[in-house]
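Quick notes on the structure that follows.
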Amino acid sequence: MSIKPYVLTETEYVNQEELTYPFEERGLQFGDGVYEVIRVYHGEYYLIEEHVERLFRSAAAIKLEVPYTKEDMYKRLEQLLQLNAFTGDGKVYLQITRGSAPRDHAFPKGVGANLYAYVSDVQRKLDLMKDGISTITEPDVRWDLCYIKSLNLLPNVMAKQTATEQNCFEAVLHKDGKVTECSSSNVYLVKDGAIYTHPATKNILHGCVRMRIEAFAKEAGIPFHEEAFHLDDMNEADELFLTSSTAEVMPIVNVDGKAVANGTPGNITRLMQQAYEKDAGIPENASIFADCTENKSVS
Ligand code: PDD
């Protein structure tokens, strides 16, 4: 099977050799790959072990061989920051695909993985973390293996776009009314002093920040229940919040146009934000609580 020279693109016909991207690429054509988004604060990785472990778990789950050992991966990722003299707040996006090969659904033989990772600036969303964000609810139409951080994100993209069109930050996903997670974050409900979130089954991504929330809750003596809650429960919630490597701990103050409790971030959410900042080594002058006295009342 050979590809003929002229390729139609969105604007013109070009010789395939002139195309600037490998068009017969498994990630591009099948979403056949896995990825990670790793947070960096002041030029240092946050939760790097958790992300690398999850990357290898995701790769193993799709029978994809990672081109580096874990030890090499840590070294290379450190070097990436050093080479870029990156000392700020940012994120590293890393993806591995099953490589470049003639399009055929079955795995290509003798083809190595393609990997790239790059670092970019990310400013912390301080105003949103202070005031809270609005969400919509959407059916979770994804597959059964959402614990794999795969490149197949179309349902997530569609849900996030629906939220964006309604001026909302996120879409809370549910399967027949049972809340799983959000389009790119994990979600939690607080009721009577306890935190509830969907168990870490195959139906959700096992968030690296989610693991820390469980630890923060334990340290603070707050019961942490891995029990799925329902859409109806959100009407009665004392607090709701979501977490991700880019959103950190984000209060949810509105769902489908209805205020959560009194419509302002609650105390347990604030405690989790404080614990996160401490864990991530955020300096006091950069804290969400820097210019308010609110933290004093919840510490
Ligand atoms: N998303 N659930 C989904 C579906 C996600 O895509 C993410 C992260 C999370 C939170 O995972 P973590 O705490 O490890 O960041 C939960 C990343 C940020 C992204 O795709 O951009």
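Every number for a ligand or one of its atoms is a count from 1 in the order of the listing. Every value quoted in this text rests on a predicted model; they were computed, and no experiment measured them. The figures that follow rest on heavy atoms only: side chains count, while hydrogens, waters and symmetry mates do not.
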- [ ] Would you please write out the protein residues whose heavy atoms approach any atom of ligand 1 to under 4.0 angstrom, listed by chain and number?
- [x] Tyr35, Val37, His51, Arg54, Arg142, Lys149, Asn156, Glu181, Cys182, Ser183, Ser184, Ser185, Asn186, Leu205, Gly207, Cys208, Val209, Thr243, Ser244, Ser245, Thr246

- [ ] Quick one: closest heavy-atom pair of Ala113 and Leu64, and the distance?
- [x] CB-CD1, 4.3 Å

Task: Between Tyr118 and Tyr93, ring centroids under 6.0 Å - done: yes

Open item on the list: Walk me through whether Val187 and Thr197 qualify under side-chain contact (heavy atoms from CB on, under 4.5 Å).
Closed with: CA-CA 6 Å; Val187 64; Thr197 195; 5.5 Å; no

Task: Check ion pair Lys218-Glu214 (N to O, under 4.0 angstrom) - done: yes

If you look only at distance, which donor and acceptor atoms sit under 3.5 Å apart when one is on a side chain in residues 76-92 and the other is two or more places apart or in another chain?
from	atom 1	to	atom 2	distance (Å)
Asn84	ND2	Leu80	O	2.8
Asp89	OD1	His42	N	2.9

Task: Centroid separation Tyr188 to Phe241 less than 6.0 Å - done: yes

